[in-house]
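Written out below as structure tokens is the structure these notes cover.
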Amino acid sequence: MNQKEAEFEKRKMQINREDLIERMIRLAPENSLLEVFPGIFIYQSSKPTESQISVLKPAFCVIAQGSKDVLLNDELWFFSTCYAKSLTIDIR
């Protein structure tokens, strides 16, 4: 991929991300949690959230804007719009 193609792909990704953010904001008003389909939630927060201790079912998460620090056991994970992480669990 040459420089021009790379710049085009970068701009296209930015436009798609902005479109996703706009659609999510239209669905979920500020500081809300909305179940848009059974088991599919949109959480929108305009400010940092408080630390919470919780146990969640396996999930797929998209961070469309901003970032999130997640503490799993004694490991701190950083999630943002620029990085992807895949975490798996053994469900035997």
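All residue numbers refer to positions in the sequence shown, counting from 1.
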Which distance, rounded to the nearest 0.5 Å, do you find between the CE of Met1 and the CZ of Phe8?
-> 10.5 Å
Review item, side-chain donor-acceptor pairs of residues 21-28, under 3.5 Å, at least two apart:
residue: Arg23; atom: NE; partner: Asp19; partner atom: OD1; Å: 3.3
residue: Arg23; atom: NE; partner: Asp19; partner atom: OD2; Å: 2.9

Residues at least two apart in sequence or cross-chain that pass side chain to side chain contact (heavy atoms under 4.5 Å, CB included) with Asn2, listed by chain then number, are Lys4, Glu5
For a side-chain contact (heavy atoms from CB on, under 4.5 Å) with Lys12, tell me which candidate from Gln14, Glu9, Lys10 qualifies.
-> Glu9
